[in-house]
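Here's the structure we're looking at; comments come further down.
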Amino acid sequence: MLDENHHLIQCIMGYQSKGKTAECTQYQQILHRNLVYLATIADSNQNMQSLLPAVSLPVMWFLGACNRADQLVHQSMSQNRHDKK
């Protein structure tokens, strides 16, 4: 949708630079619809974040440690495969 919006803006700017403002209306309506849709999604995500409980620091540390452990395991497995070749 972001690419579509970029294309719509380019079309609108092109028509405006040529003085064809009447042709812009259709593109402006589509762009407006897309922007309202994206704003609605962003707003609903914001509301969902406020409903979720905050993650405490120990939980965040634990999740970070698990992620790091996974990285080390994958790195070790990759190194073992490389050493066997």
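Computed from heavy atoms alone, side chains included, the values below leave out hydrogens, waters and symmetry copies.
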Same cluster or not: are Val36 and Leu2 linked, directly or through other Ile, Leu, Val, Met, Phe, Trp or Tyr residues, by side-chain heavy atoms under 4.5 angstrom apart?
-> no

Can you list, pair by pair, the side-chain donor-acceptor contacts under 3.5 Å of residues 7-22, counting residues two or more places apart and other chains?
residue: Ser17; atom: OG; partner: Met13; partner atom: O; Å: 3.4
residue: Ser17; atom: OG; partner: Gly14; partner atom: O; Å: 2.8

Of Leu35, Ile30, Leu31, the residue whose pairing with Arg33 passes side chain to side chain contact (heavy atoms under 4.5 Å, CB included) = Ile30

Rounded to the nearest 0.5 angstrom, the CD-CG distance for Glu4 and Asn34 is 4.5 Å

